[in-house]
Amino acid sequence: MNIYIKKVKNKKGKVKEWIWVSYYENGKRQRKSLKLLNTKANMKLAKNKIVPALLYKLENDKFIEKTVPTLDEYAKVSFEINAFNRSINTQNDYKGAYDNHISPNIGHLNIDKIKPSHIKTLQSKLLKVIAPRTVRNVRAVLSGILKDALADELIEKNPLSLVKTVKVEKTTIYPFTIDEMKLILKNSTGQNRNFFALAFLTGMRSGEMIGLKWSDIDFIKKEISITRSRKMGKNGKTKTKSSNRIIDIIDSLIPFLKGQYKLTGQFNSYVFLNRKKEAIYDIKRIRDSAWKKTIQKCQIPYRTIYQTRHSFATMMLENGEDILWISNMLGHTDSSTTLTKYAHYVKKKEKKRAQFISNELAPIDTENDTELIKVA
């Protein structure tokens, strides 16, 4: 039996959270409201008294069906009960990974029959067609489903815990030089050039840029409010998951933003629009067309559009900009994240170390000290 939270909107439009439970009866999943609001006291009551009582009743009345669902069947349950804690984009990513990589291979198996050998075979098969990092992501999706099954007592142990994770090499930072940035902007026009300039001069994530609206930009204060990220046609929360952040518009970016305003500002909608004057569906639409064509035209080594973010960070660090400011611009939770990732690029000031103590000891005269150390 699994406890989950369900949001319900009343007639006045106010949303309240209620505690629900789900369980299997005669091979079918059943849902039941405990008619308790989601509070710490009610959740404790549900876990310690109500749910155990319901389980006892179901077991004694023989309502619990002993047939274990398949992985495909239970995956639907897992996605549903976790929807409340995940952003729309994350949920869609997880479902996509499951549908494309997990379901076709082991989705038909009863969840209690999945063995470590099945997972090892799955990993080996996936490594032939997708990158190790993507395989790690697929593992994370499967892990979440199996953990829910373990909590629901459908399985006695998680078979994934007995399979070694795939080794992933650290992402190589290959930033663009300032000359390369100039070349890219010179060889692009219109909206594409403005988009690339925004990427190079703010370090924003791609999803944050295509989700940007004109209402988020304040030309007077020279600030951009980042409140959403757009992916696969849907808006979601930013990766940071913290409160919305505000970043600065540096002077070099203003001409590009004003140029873009002439193109789309009249629609009072998203900053970047497609040919139909609609929001851009996904960064793939820019990456696979304008970005690749521009890099090829510039005859410079190809790098993903995400390297524009690394380029902003390294460019600012190499030129001595404040680490806290850079960290905020990138949306890192704290500056330690920025330092860990870009430590190699931090500008080292030319300074004599421990100068304070040298000054204190400077009066000691050692030139006339002729006494030698006696060696036994």
Side-chain angles (χ1 to χ4, degrees), residues 71-72 74-76 78-79 82-83 85-109 111 114-149 158-175 199 204-211 229-241 280-289 291-292 295 301-310 330-332 337 340-341:
L71 182 61
D72 277 344
Y74 190 75
K76 294 177 182 179
S78 179
F79 285 131
N82 286 292
N85 299 315
R86 295 172 182 160
S87 68
I88 295 175
N89 287 339
T90 299
Q91 185 78 330
N92 289 336
D93 285 345
Y94 277 30
K95 286 182 177 179
Y98 182 86
D99 292 340
N100 293 328
H101 304 301
I102 300 175
S103 181
N105 293 290
I106 59 174
H108 64 284
L109 297 174
I111 201 163
I114 298 175
K115 299 178 180 179
S117 59
H118 291 126
I119 299 173
K120 287 181 180 179
T121 302
L122 173 64
Q123 282 191 173
S124 297
K125 185 175 181 180
L126 293 180
L127 284 170
K128 295 178 181 179
V129 293
I130 58 177
R133 189 174 297 276
T134 307
V135 176
R136 291 261 311 249
N137 294 338
V138 172
R139 271 185 61 109
V141 175
L142 180 58
S143 176
I145 297 171
L146 293 175
K147 284 180 180 178
D148 288 335
N158 188 341
L160 193 65
S161 63
L162 300 176
V163 181
K164 289 184 179 180
T165 188
V166 178
K167 291 184 179 180
V168 178
E169 295 181 2
K170 291 184 178 181
T171 302
T172 302
I173 296 177
Y174 190 11
M204 288 174 65
R205 299 179 179 92
S206 300
E208 294 171 346
M209 289 191 289
I210 62 174
S229 181
R230 186 170 177 80
K231 186 175 182 179
M232 300 300 286
K234 295 182 179 180
N235 291 336
K237 296 179 182 179
T238 61
K239 186 176 180 181
T240 308
K241 295 182 180 179
I280 294 172
Y281 183 77
D282 192 83
I283 189 59
K284 292 179 181 178
R285 303 289 168 85
I286 296 176
R287 182 193 65 199
D288 295 341
S289 55
W291 178 252
K292 286 186 176 181
I295 296 297
Y302 179 79
R303 276 153 280 182
T304 64
I305 200 168
Y306 195 82
Q307 291 290 345
T308 59
R309 180 171 165 82
H310 294 320
L330 295 173
H332 289 163
T337 303
T340 299
K341 198 163 191 175

- Query: Hey, does the side chain of Tyr98 reach the backbone of Asp72 with a donor-acceptor pair shorter than 3.5 angstrom?
  - Reply: yes
Taking only distance into account, with no hydrogens and no angle test, what donor-acceptor pairs under 3.5 Å do side-chain atoms of residues 125-135 form with protein atoms, sequence neighbours excluded?
unit_1	atom_1	unit_2	atom_2	d
Lys125	NZ	Asn105	OD1	2.8
Arg133	NH2	Glu169	O	3.0
Arg133	NH2	Thr171	OG1	3.2

What I'd like to find out is whether the side chain of [X] reaches to under 4.5 Å of the side chain of [Y], using heavy atoms alone.
X: Met232; Y: Asp93; value: no
X: His310; Y: Lys341; value: yes
X: Arg287; Y: Thr304; value: no

- Please report the C-alpha distance between Leu71 and Leu142 in whole Å, then the side-chain angles of each, then the deciding distance to 0.1 Å, and finally whether the side-chain contact (heavy atoms from CB on, under 4.5 Å) criterion is met. CA-CA 9 Å; Leu71 182 61; Leu142 180 58; 4.1 Å; yes
- Query: Going through the distances and angles, do Leu160 and Ile114 end up as a side-chain contact (heavy atoms from CB on, under 4.5 Å)?
  - Reply: CA-CA 9 Å; Leu160 193 65; Ile114 298 175; over 6 Å; no
- Item | Check against side-chain contact (heavy atoms from CB on, under 4.5 Å), Ile295 and Arg303 | CA-CA 8 Å; Ile295 296 297; Arg303 276 153 280 182; over 6 Å; no
- Query: Which pair of non-hydrogen atoms, one from Val163 and one from Pro116, has the smallest distance, and what is that distance?
  - Reply: CG2-O, 3.6 Å
- Closest heavy-atom pair, Tyr174 versus Gln307, reported as atoms and distance to 0.1 Å, is N-OE1, 3.1 Å
- Task: Return yes if a side-chain donor-acceptor contact under 3.5 Å exists between Asp148 and Asn82, otherwise no.
- Result: yes
- When rounded to the nearest 0.5 angstrom, what distance separates NE2 in His101 from CG in Leu122? 9.5 Å
- Step-by-step side-chain contact (heavy atoms from CB on, under 4.5 Å) determination, Ile210 to Ile286: CA-CA 10 Å; Ile210 62 174; Ile286 296 176; 4.2 Å; yes
